[in-house]
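The next block holds one structure in the form of structure tokens; read it before the comments.
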Amino acid sequence: MRNRYLDLLRFLAIVRVVVYHVVGSAALTLIFPAMSVMFALAGSLMAASLDRTGAPAVLRRLRRLLPSVWVLAAIFVPAMLLTGLPLTPKVLLWLFPVSDPPANHWGALALSPIWYLRDYLWFVLASPLVLWLFRRAPLPTLLAPYALLLLIEVGVYPDAPTVLREFGLYFGAWLLGFAHHDGMLRRLRNRVLVPTALALGAAGLGWIFTHAGTRGYDLNDIHVGNALWSAAFILVAIGRAPAEAAWVDRIPVLSRAVTVLNRRALTVYLWHMSFVVVLTPLVGLVGWAPRDPIGLAIRVVLVFALVGVVTLLVGWVEDVAARRTPELLPGRTRRVLAERAAAAPASPAPAGAETELVGARADRPAGSGKVPAPRGAAERADTEATAG
């Protein structure tokens, strides 16, 4: 059964990412370090998948991830080739972006979120080995990415490849997801977790406020501060996650929104930046000031509206990749067979049917009352457990 609290966290993270890319407020990165939270949730799901199916979980994750990337590439790569992108073998990276795939002048910004897919792919590929190491030496394994990042940022390894730097920045969050899945965070007593979170948070804020970037205190420019502050946030927000959040489903609009955005998280993430880029020139055309609150609010609404349209058009690819029944808009209430039968108009029973039923019950062997699960139930349960 899915934990609706974790679904809510992913929902908030996606919304925060989209709003941040429209308004560009550094405060949003401090209030909610969305990317680290998304990596932590993904790490937890990856550990669950590895426990369930072993190494084949890697191929299953790739199968669920790549089709949405291919749909994006099928539209944008030809457009970039027609507007100046050289046709080289590197274009094939759009099929499997383990490195930054090439883009032209406008595509580089519109498709900039592809870095998340690059990191995600590497983290998935590394997970079988790292989960094995993590369960044998949890603390050293968890500290390794943070130590790597510190060595890079203080200049000991200044020319580190981008992928290696990203391991230092975000793989610690992924490993905290492992710790969440294994119950380590839940088992930590408050007298350990709270001081640890406070110390990490204080260290992170100290680094942030003494290492301001070109955009001020934006976490995206301050890697060590980002990693430490995010770790503190994850320890509290995920380490003390409730077992369920039934109240989410008691608010129909919120419940549906959380379900839709969880089922379409990849589509929303991949496409939203292109609409941000398209709508940005409106600021000058209609005479808004760059930071005009009304203009920013209108742009946020328009971006979500356009993302909603593209989600209706291609979001079903996520269902196909996850081997779910494709839906234009996920989250419709589906009545179970028993409810459908109860709602069906009843016809009078034929004469003698009641006597036959009693006789059938008498003839049935004791202990045969268990109804076998329908075929495919295990597969559906596995799909739901790893959705998002």
Side-chain angles (χ1 to χ4, degrees), residues 2 4 6-23 34 38 41-42 45 61-80 94-95 97 103 106-107 109-114 116-117 120 248-249 251-282 296-335 380 383-384 386-388:
R2 294 184 65 89
R4 294 297 271 172
L6 299 182
D7 285 349
L8 179 63
L9 272 186
R10 187 182 293 105
F11 166 83
L12 294 174
I14 291 290
V15 170
R16 204 285 280 159
V17 167
V18 176
V19 173
Y20 165 77
H21 282 148
V22 176
V23 306
M38 289 167 63
L41 294 172
L45 287 174
R61 283 283 154 185
L62 297 181
R63 184 199 75 210
R64 297 185 59 174
L65 184 71
L66 292 174
S68 294
V69 180
W70 296 338
V71 169
L72 182 82
I75 295 171
F76 279 92
V77 170
M80 290 190 293
W94 282 104
L95 297 177
W106 59 266
L109 185 56
L111 302 175
S112 57
I114 200 69
Y116 172 75
L117 277 298
Y120 197 111
V248 171
D249 291 323
I251 307 173
V253 173
L254 177 62
S255 176
R256 186 69 182 275
V258 168
T259 298
V260 169
L261 214 52
N262 271 267
R263 292 282 185 88
R264 298 292 182 261
L266 187 55
T267 302
V268 172
Y269 185 81
L270 286 174
W271 285 85
H272 79 277
M273 194 63 188
S274 58
F275 298 123
V276 174
V277 172
V278 167
L279 292 174
T280 296
L282 287 178
L296 287 174
I298 292 174
R299 284 165 61 198
V300 168
V301 172
L302 288 175
V303 167
F304 273 107
L306 291 171
V307 168
V309 171
V310 81
T311 298
L312 286 174
L313 293 175
V314 301
W316 54 269
V317 172
E318 292 194 61
D319 290 331
V320 174
R323 296 182 179 175
R324 297 189 296 255
T325 301
E327 296 179 279
L328 288 180
L329 195 62
R332 291 179 299 175
T333 302
R334 296 182 176 182
R335 293 179 298 177
R380 288 196 298 273
T383 298
E384 285 301 310
T386 58

Do V268 and L261 come within less than 4.5 Å of each other through their side chains, counting heavy atoms only? yes
Minimum heavy-atom separation for L66 to P97, with atom names? CD2-CD, 4.2 Å
Please find the pair of heavy atoms, one from P326 and one from V320, that lie closest to each other, and give the distance. CG-CG2, 3.9 Å
Counting heavy atoms not belonging to W94, are there more than 12 under 6.0 Å from its CH2? yes
Output all residues satisfying salt bridge (charged side-chain N to carboxylate O under 4.0 Å, His left out) with R16, sequence neighbours left out; order by chain, then residue number. none
With the side chain counted from C-beta on, respond yes when W70 and L95 share a heavy-atom pair under 4.5 Å apart, and no when they do not. yes
Is there side-chain contact between V317 and L266, with heavy atoms separated by less than 4.5 Å? no
For V307 and F275, run side chain to side chain contact (heavy atoms under 4.5 Å, CB included): C-alpha distance rounded to whole Å, both residues' side-chain angles, the deciding distance at 0.1 Å, then the answer. CA-CA 8 Å; V307 168; F275 298 123; 3.8 Å; yes
Minimal non-hydrogen separation, V260 against P330, with atom names: CG2-O, 3.3 Å
Any donor-acceptor pair under 3.5 Å linking the side chain of T280 with the backbone of V276? yes
Main-chain N/O of T311 paired with W271 side-chain donor or acceptor, under 3.5 Å: no
If you define the side chain from C-beta out and look only at heavy atoms, does anything of V19 sit under 4.5 Å from V15? yes
Can you name the nearest heavy-atom pair linking A110 to M273, along with the distance? O-CB, 3.5 Å
Look only at the side chain of H272 and the backbone of Y269, and say whether a donor-acceptor pair between them is shorter than 3.5 Å. yes
Does D249 come within less than 4.0 Å of R256, counting only side-chain N to carboxylate O? no
Please check if the side chain of R63 supplies one atom and the backbone of A321 the other of a donor-acceptor pair under 3.5 Å. yes
Show the numbers, then the answer: is there a side chain to side chain contact (heavy atoms under 4.5 Å, CB included) between V310 and L306? CA-CA 6 Å; V310 81; L306 291 171; over 6 Å; no
Evaluation steps, salt bridge (Lys or Arg N to Asp or Glu O under 4.0 Å), between E327 and R263: CA-CA 10 Å; E327 296 179 279; R263 292 282 185 88; 3.8 Å; yes
Between atom CZ of F11 and atom CG of N262, what is the distance when rounded to the nearest 0.5 Å? 9.0 Å
Hey, does H21 have a side-chain heavy atom less than 4.5 Å from the side chain of V303? no
Residue pair R299, V23: steps toward the side chain to side chain contact (heavy atoms under 4.5 Å, CB included) verdict: CA-CA 9 Å; R299 284 165 61 198; V23 306; over 6 Å; no
Counting C-beta onward and ignoring hydrogens, is there a side-chain heavy-atom pair between L270 and V69 closer than 4.5 Å? yes
Could you state the interatomic distance from CG (L117) to CG (L65), rounded to the nearest 0.5 Å? 5.0 Å
When you check the side-chain N and O atoms of R264 and S68, is any donor under 3.5 Å from an acceptor? no
Can you name the closest pair of heavy atoms from A265 and R10 and give their distance? CB-CD, 4.4 Å
Could you check if a side-chain atom of D7 sits within less than 4.5 angstrom of a side-chain atom of T259, using non-hydrogen atoms only? no
OG of S274 to CG of L72, rounded to nearest 0.5 Å, is 7.5 Å
With side chain to side chain contact (heavy atoms under 4.5 Å, CB included) as the criterion, how do M38 and L9 come out once you've worked through the C-alpha distance, each side chain's angles and the decisive distance to 0.1 Å? CA-CA 8 Å; M38 289 167 63; L9 272 186; over 6 Å; no
Looking only at atom types and distance, does a side-chain atom of R4 sit under 3.5 Å from a main-chain N or O of S255, one as donor and one as acceptor? yes
